[in-house]
Amino acid sequence: MSDLIKLLPDSIANQIAAGEVIQRPASVVKELLENAIDAGGMKIQLIFKDAGKSLVQVIDNGTGMSGTDARMSFERHATSKISSAQDIFSIRTMGFRGEALASIAAIAQVELKTRRESDDLGTQIIIEGSEIKTQEPVTCSLGTSMAVKNIFYNVPARRKFLKSNPVETRHILEEFQRVALAHPEIYFTVHNNGNEIYHLKPGNIKQRIVALMGRNHDKRLVPIEEKTGFLEISGFIGKPQYAKKSRGEQFFFVNDRFIKSSYLHGAIMELYTELMPEGSYPLYVVYLDMDPNRIDVNVHPTKQEIKFDDERVVFTFLQAAVKRALGAYSITPALDFDQEASLAPADAWMSTTRVVNPGVQSIPEEADFKAKKDKKSFSGSYNKPKPDPNLPHWKDLYNTGQEVGKEEPGFTTVQSSLNKAVEADVVGQQELLDTQSEINPFQVHQRYIIYQIKSGLMYVDQQAAHERILYERYLETFKQGQKGSQKMLFPYSLELNAPDAEILRGILEEIQLLGYELKEEKDNRFLISGIPSDVKQGELSGVFEELMEQFRRNAHDLKLNKRTHLAKALARQSAMKAGRTLSLEEMKGLIDQLFACETP
């Protein structure tokens with residue numbers, strides 16, 4: 001029997017390795033930009049077409065390469081960044097593994113032009129699927145130009161899993177944002193399909209944040225700074241009132257390298273919990289600078305996950321810096337020491353009573369007060385549907401003997417009054433039951449609706465039911481054509497960051513079908529002049545903010561088309577949320593509309 005184990009050819013091994021490093025066009029953008037920075041480029045251009053599927057090109061004015069180095073750079077594990085295993089623990093460059101260019105060349109067609117300052121001519125290399133087609137001298141500018149064409153052209157199984165152009169473009173712009181924020185001293189330009197998206201001049205961190213995320217961020221930023229012998233912390237955090245429902249404006253950098261850390265993210269979110277609504281995310285751009293020996297960046301091929309030798313110390317210093325910044329700018333709420341909670345006005349206490357069923361009120365219990373003081377407490381209702389029988393007749397307890405007959409004032413009088421009060425309440429309840437032929441629907445914890453049907457009881461999640469109703473309504477609107485809209489007296493200017501603006505461009509036609517009248521202006525701004533009748537002008541910013549987040553989440557489902565994505569996102573954004581008290585008519589109307597749906 002022959003041997004079974006054999007070495008894979010380099011072409012196949014490179015394609016397998018490429019699957020770890022190059023997941024989509026955005027991965028190519030990241031690797032090429034980091035190489036340009038490591039080469040000392042101070043002016044870097046990013047050009048891409050068809051969301052990077054046809055072309056990703058990065059041009060820099062760095063040191064360039066010799067002909068030999070240019071060819072060696074496409075070999076696996078060929079790098080100029082390290083020479084021994086010990087060097088891994090003192091890394092300051094972005095790359096060091098020597099896998100990026102070999103992986104890119106394995107799954108795309110690559111054209112490289114490079115020249116050093118000391119050379120009269122540069123070098124041009126053309127590679128397809130790891131195979132070098134040509135290498136020849138060429139006239140070119142100082143630095144390096146790397147053009148990657150037709151990504152995954154020889155791996156069709158991977159190419160078909162790429163998302164739509166707006167989604168892939170958003171990923172590219174997000175990767176670019178991370179690199180641009182890490183290096184505000186570098187001049188960057190970005191062109192997509194011939195249109196310039198970014199033109200970033202060298203500047204400080206705040207100027208770079210505003211240039212990337214929009215002019216409206218200028219007044220939303222609070223600086224943070226902490227210097228210790230262990231690490232240095234700098235950057236900006238956002239004011240709580242400007243927190244968004246969507247993620248995407250949270251950045252950590254360690255030694256100018258973008259990282260993802262749920263642990264450090266939790267350190268910041270813990271301080272913001274009481275300062276902003278639930279489900280919101282504050283902006284932060286935080287830079288940590290520390291000894292490379294205290295971190296390990298060789299955890300994942302993408303190098304976005306790192307390990308600290310003492311994560312708890314970093315957590316503590318980060319929280320201290322953020323807490324000091326929030327306090328210094330009077331963002332944290334002040335405590336009122338002048339008034340005890342127990343001495344609050346009586347009408348403030350009574351205002352916490354909530355209606356559960358028509359005509360029936362409940363007195364708030366201790367748990368209700370605790371829930372109001374502590375937002376982390378259980379938010380459900382503790383109402384009792386059964387009223388105190390003596391409450392409507394409390395005055396009878398203080399009637400004198402003259403008012404109730406010949407009985408003398410005293411215990412007998414009070415006991416008689418109590419008996420009458422209980423008797424009257426029982427009679428009232430019996431009359432109510434006699435007049436009701438059916439039990440009306442009622443809410444449980446302001447989230448579920450209980451409704452009587454012939455076969456028993458129906459249990460409805462009010463938010464999920466409303467989402468289904470709106471989802472089918474939006475799909476029907478897409479089929480029928482444009483919905484009517486109401487003109488706005490003063491048009492609303494909506495400013496988005498580049499990734500969100502790219503999403504909106506991709507769904508602009510569908511948004512207009514729903515009754516929105518909007519057109520694109522320059523600098524990722526959209527002018528809204530008409531809105532659907534069921535949307536208020538004051539809600540527009542939140543509507544589009546949450547819409548972008550919902551569309552981002554749904555875009556990962558390959559089984560749904562664009563309009564289905566949008567209908568799903570709009571339904572989730574517009575539906576009533578759990579915790580809203582509904583009237584009897586609203587509950588009945590919701591149930592009727594739900595069962596009128598094609599799929600209730």
Any salt bridge between Glu168 and Lys53, counting N to O under 4.0 Å? no
Might you work through the side chain to side chain contact (heavy atoms under 4.5 Å, CB included) test for Arg257 and Asn255, ending with a clear yes or no? CA-CA 5 Å; Arg257 182 191 305 278; Asn255 296 345; 5.6 Å; no
Gap between atom CD1 of Ile268 and atom CD1 of Ile224 - 0.5 Å precision: 6.5 Å
Against the six-membered ring of Tyr281, is Lys244 placed for a cation-pi contact (under 6.0 Å from the centre, within 45° of the normal)? no
Let's go through Ile151 and Val56 carefully: what are the C-alpha distance in whole Å and the side-chain angles of both, what is the deciding distance for side chain to side chain contact (heavy atoms under 4.5 Å, CB included) to 0.1 Å, and is it a yes or a no? CA-CA 9 Å; Ile151 184 173; Val56 171; over 6 Å; no
Which value, rounded to the nearest 0.5 Å, describes the distance between Ile209 atom CD1 and Leu283 atom CG? 6.5 Å
Picking from Lys113, Gln57, Arg115, Gln124, what satisfies side chain to side chain donor-acceptor pair (under 3.5 Å) with Ser145? Gln57
Among Phe252, Phe251, Phe253, Phe236, find the one that has a ring pair (Phe, Tyr, Trp, His ring centres under 6.0 Å) with Tyr287. Phe253
Nearest 0.5 angstrom please: Lys149 NZ to Lys49 NZ, how far? 9.0 Å
Between CG of Asp256 and CD of Glu185, what distance do you get to the nearest 0.5 Å? 7.0 Å
Once you measure the plane-to-plane angle for Phe188 and Phe176, does it fall in the parallel (<30°), tilted (30-60°) or perpendicular (>60°) bin? perpendicular
Assess whether a salt bridge exists between Asp119 and Arg116, defined as any Lys/Arg side-chain N lying under 4.0 Å from an Asp/Glu carboxylate O. yes
Does any donor atom in the side chain of His265 or Tyr284 lie under 3.5 Å from an acceptor atom in the other side chain? yes
Centroid separation Tyr187 to His199 less than 6.0 Å: yes
Between the side chains of Thr63 and Glu117, does any donor sit under 3.5 Å from an acceptor? no
Can Asp218 and Lys206 be counted as an ion pair, charged N to O under 4.0 angstrom? yes
Verdict with reasoning, Glu517 to Gln512, per side chain to side chain contact (heavy atoms under 4.5 Å, CB included): CA-CA 6 Å; Glu517 294 183 12; Gln512 291 169 339; over 6 Å; no
Test: Glu131 and Lys133 ion pair at under 4.0 Å: yes
Working to the nearest 0.5 angstrom, can you tell me the gap between Thr144 OG1 and Leu112 CG? 6.5 Å
Just verifying a value: how many Å separate Met213 CE and Leu221 CG, rounded to the nearest 0.5 Å? 8.5 Å
Parallel, tilted or perpendicular, as decided by the 30° and 60° cut-offs, for the rings of Tyr263 and Phe315: tilted
